[in-house]
Amino acid sequence: MQKNSVECLEIIDINNFQADLIGWFTNEKRDLPWRKERDPYRIWVSEIMLQQTRVDTVIPYYNNFMEQFPTLDDFATADEEKILKAWEGLGYYSRVRNLQSACKEVQEKYEGVVPNTPKEISSLKGIGPYTAGAVLSIAYGVPEPAVDGNVMRVLSRILSIWEDIAKPSTRKIFEEAVRKLISHENPSYFNQALMELGALICTPTSPSCLLCPVREHCNAFETGTQKELPVKTKKTKVKDVHLTAGILTDVKGRILIRKRPESGLLANLWEFPNFEYVTDLKNGQGDFLNQLMNEYEVEAIVNESLGSIEHVFSHLKWYIQIYSGKILSEVKETPRLKLVSLDEMESYAFPVSHQKMLQQFLEFKKDGLTL
DNA sequence: AAGCCGTGGTA
DNA sequence: TTACCAAGGCT
């Protein structure tokens with residue numbers, strides 16, 4: 001089909017393109033909380049939250065986060081339990097731990113001022129090529145590209161770029177293009193406008209080309225190829241993982257919870273004890289009780305399963321068989337193994353899958369069933 | 001390069 | 001229901 005890269009830029013008039021794009025954004029941009037801000041820390045937080053996450057989802061989290069941690073210093077010095085709780089339900093939890101680690105580094109190395117050079121800001125944990133460009137351009141007015149999924153979709157259409165955007169190396173092609181296109185008078189609006197256009201007009205499945213402020217500059221609109229772009233290969237299917245899990249109470253009615261490992265999936269979040277099983281589910285009960293004894297030296301009895309839940313992640317799917325039961329032995333509590341009341345549980349961050357489990361347990365209890 | 005890392009919305 | 005999508009980064 002078409003060639004990509006530099007010669008594509010000759011098909012559009014850069015100055016008029018910038019003016020049409022930025023003019024549209026100035027009039028039509030959404031009123032979002034982080035667009036009232038110039039504090040680099042606040043812009044930074046919004047960009048981390050927005051990674052792979054919808055605007056509507058982020059808004060309430062952002063507002064709550066800024067109430068709890070108004071300044072970089074407030075956030076950098078907060079307990080990890082607190083920051084995970086503030087992130088509970090947002091997903092990709094390493095984002096918030098990396099963000100705090102990076103904020104601490106800003107305190108120590110940069111006297112609390114977010115650095116404004118590509119080299120320095122890119123060295124901070126959790127700041128990759130996109131976020132570096134976004135913070136630099138939006139907070140500091142530095143003309144750096146901020147190439148996300150929106151920008152690749154929009155520019156693949158405008159410039160007729162047929163490279164597979166699922167390939168990591170493809171991003172560089174778009175960064176080169178943005179370096180040539182970006183407004184040096186207003187890099188902040190230019191970058192945000194490309195993303196806003198992708199979110200509101202130049203959408204994945206059915207772009208509103210007739211409403212597009214830059215359709216005169218768009219090669220895909222001219223040739224009718226907007227539905228074929230961008231080219232994106234699809235990913236493989238997720239892996240199935242089967243788990244048994246127990247909501248176990250002691251004689252005082254406290255519930256046993258444990259903290260997940262420091263790295264990997266849902267790192268450092270709290271959960272109900274659960275174990276992977278490979279055999280068929282015929283003896284899920286016994287399987288669960290054996291592993292509970294082996295790993296935690298806790299003896300318990302459990303009922304017939306009170307049900308199951310399924311939970312899909314980006315790369316795997318959990319099938320959790322849920323049991324409720326009573327703890328018969330003494331529990332040695334540790335920093336990663338606790339007995340807590342329902343009220344106390346409110347201050348711990350749980351994965352959504354385990355929140356769903358608790359819901360089901362409470363329904364089950366409400367129906368008057370024992371154990 | 002490709003797999004790991006969450007969740008909720010939508011066609 | 002399945003599959004894909006949404007302001008990515010790390011290893």
Side-chain angles (χ1 to χ4, degrees), chain A residues 25 29-30 32-35 43-62 84 87-99 101-102 121-139 145-154 164-172 174-175 178 188 190-200 202-206 230 232-239 241 260-269 271 309-318 349-356:
Chain A
F25 180 74
K29 65 182 189 296
R30 289 169 291 179
L32 303 174
W34 45 91
R35 288 191 174 153
I43 302 297
W44 181 7
V45 171
S46 76
E47 291 301 337
I48 300 297
M49 283 189 173
L50 285 162
Q51 290 172 3
Q52 300 290 285
T53 311
R54 286 184 154 73
V55 165
D56 289 343
T57 302
V58 166
I59 290 173
Y61 281 92
Y62 179 83
L84 282 173
W87 211 265
E88 184 183 48
L90 255 188
Y92 290 133
Y93 298 93
S94 66
R95 288 185 293 174
V96 72
R97 300 196 304 138
N98 287 339
L99 180 60
S101 168
I121 201 168
S122 297
S123 74
L124 296 170
K125 203 170 293 183
I127 298 193
Y130 163 74
T131 306
V135 175
L136 288 173
S137 62
I138 297 171
V147 174
D148 71 337
N150 283 312
V151 172
M152 288 198 282
R153 181 174 60 257
V154 169
D164 180 5
I165 67 167
K167 291 170 59 178
S169 57
T170 301
R171 198 197 65 251
K172 295 190 182 72
F174 290 91
E175 285 176 347
V178 172
S188 167
F190 182 88
N191 279 340
Q192 290 187 73
L194 277 182
M195 294 187 278
E196 193 81 341
L197 191 66
L200 300 182
C202 195
T203 53
T205 52
S206 54
K232 187 179 185 181
T233 56
K234 49 184 178 292
K235 60 181 182 200
T236 57
K237 253 193 68 176
V238 302
K239 196 179 79 176
V241 175
R260 292 179 58 84
E262 291 183 20
S263 63
L265 183 65
L266 303 166
N268 278 357
L269 269 66
E271 65 179 5
I309 63 164
E310 299 176 0
H311 192 79
V312 181
F313 297 89
S314 30
H315 61 297
L316 53 84
K317 180 173 180 177
W318 275 356
F350 283 80
V352 167
S353 52
H354 285 251
Q355 296 175 36
K356 286 196 254 178

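So you know, we letter chains A, B, ... as the sequences are listed, proteins then strands, and number each from 1. If you're wondering where the values come from, they're calculated on a predicted model, not measured in any experiment.
Nucleic acid contact for A:Ile48: none, since no nucleic acid atom lies under 4.0 Å from a heavy atom of the residue. Using a 4.0 Å heavy-atom distance criterion, A:Leu32 is classed as a base contact. Nucleic acid contact class of A:Thr131 (heavy atoms, under 4.0 Å, all strands): sugar-phosphate only. At the heavy-atom level, A:Gly198 lies nowhere under 4.0 Å from the strands shown. At the heavy-atom level, A:Arg35 lies under 4.0 Å from base atoms of the strands shown. Across all strands shown, A:Ser314 has heavy atoms under 4.0 Å from base atoms, whether or not it also approaches the sugar-phosphate. Within the 4.0 angstrom heavy-atom criterion, no nucleotide atom of any strand lies near A:Val151.
Separating the P atom of B:dG3 from that of C:dC4 is a span of 15 Å, rounded to the nearest Å. Look at the P atom in both B:dC5 and C:dA6: the space between them is 23 Å, to the nearest Å. Using C1' as the reference atom, B:dA11 and C:dA7 are 22 Å apart when rounded to the nearest Å. Here the separation of C:dC10 from B:dA1, taken at their C1' atoms, is 13 Å to the nearest Å. Atom name P, nucleotides C:dG9 and B:dG8: the rounded distance is 22 Å, in whole Å.
A distance-only check finds no donor-acceptor pair linking the side chain of A:Thr131 to the backbone of A:Gly128 [under 3.5 Å]. Remark: the backbone N or O of A:Met49 is paired with a side-chain donor or acceptor of A:Arg95 at under 3.5 angstrom. No donor-acceptor pair closer than 3.5 Å links the side chain of A:Glu271 to the backbone N or O of A:Arg260. Although no hydrogens or angles enter the test, the distance criterion places no donor-acceptor pair under 3.5 Å between the side chain of A:Glu310 and the main chain of A:Lys317.
Atom CD of A:Glu271 is separated from atom P of B:dG6 by 12 Å (rounded to the nearest Å). Atom-to-atom, CG of A:Leu50 to P of B:dG8 comes out at 17 Å; the value is rounded to the nearest Å. Put simply, CG on A:Asp56 is 14 Å from P on B:dG8, counting in whole angstrom units. Straight-line distance from the OH atom of A:Tyr130 to the P atom of C:dC10: 14 Å, rounded to whole Å. Atom CE of A:Met49 and atom P of B:dT7 are 15 Å apart (whole Å). What separates CG of A:Leu194 from P of C:dA7 is a distance of 12 Å, to the nearest Å. Between A:Lys29 atom NZ and C:dA7 atom C1' there is a gap of 17 Å when expressed in whole angstrom units. Between the CD1 atom of A:Ile121 and the P atom of C:dG8 there is a distance of 16 Å, given to the nearest Å.
For C:dG8, the OP1/OP2 oxygens have a side-chain nitrogen or oxygen of A:Gln52 closer than 4.0 Å. Proximity of A:His315 to the phosphate of B:dC5: a side-chain N or O atom is located under 4.0 Å from OP1 or OP2. OP1 and OP2 of C:dA7 both lie 4.0 Å or more from every side-chain N or O belonging to A:Ser46. For the OP1/OP2 pair of B:dC4 and a distance below 4.0 Å, the side-chain nitrogens and oxygens of A:Tyr92 include no atom meeting the criterion. OP1 or OP2 of B:dT7 has at least one side-chain nitrogen or oxygen of A:His311 nearer than 4.0 Å.
The CD atom of A:Glu196 sits 9.0 Å away from the CG atom of A:Asn150 when rounded to the nearest 0.5 Å. Atom OH in A:Tyr61 sits 9.5 Å away from atom OG1 in A:Thr53 (nearest 0.5 Å). Remark: A:Ile127 CD1 to A:Ile48 CD1 distance equals 5.5 Å, nearest 0.5 Å.
You'll find a donor-acceptor pair under 3.5 Å spanning the side chain of A:Thr53 and the base of B:dG6, going by distance alone.
Around NZ of A:Lys125, the count of heavy atoms belonging to other residues, nucleotides or ligands within 6.0 Å does not exceed 12. The 12-atom threshold is exceeded at NZ of A:Lys29, counting heavy atoms of other residues, nucleotides or ligands nearer than 6.0 Å.
Of the candidates B:dA1, C:dA7, B:dT7, the closest approach to any side-chain atom of A:Ser169 belongs to B:dA1. Closest to the side chain of A:Val352, from the set C:dG9, C:dA7, B:dG8, is B:dG8. The nucleotide whose nearest atom lies closest to any side-chain atom of A:Pro129 is, among C:dG9, B:dT7, C:dA7, C:dG9.
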List, with names and distances, any nitrogen or oxygen atoms from the protein found under 3.5 Å away from nitrogen or oxygen atoms belonging to nucleotides 2-5 of chain C.
residue, atom, partner, partner atom, Å
C:dC5, O2, A:Arg54, NH1, 3.4

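Nearest-nucleotide positions on DNA chain C for A:Leu124 and A:Trp34 put A:Trp34 closer to the 5' end. The nearest heavy atom of DNA chain B to A:Gly264 and to A:Lys167 marks one nucleotide each, and the one closer to the 5' end goes with A:Lys167.
Between the side chains of A:Tyr130 and A:Glu47, at least one donor N or O lies within less than 3.5 Å of an accepting N or O.
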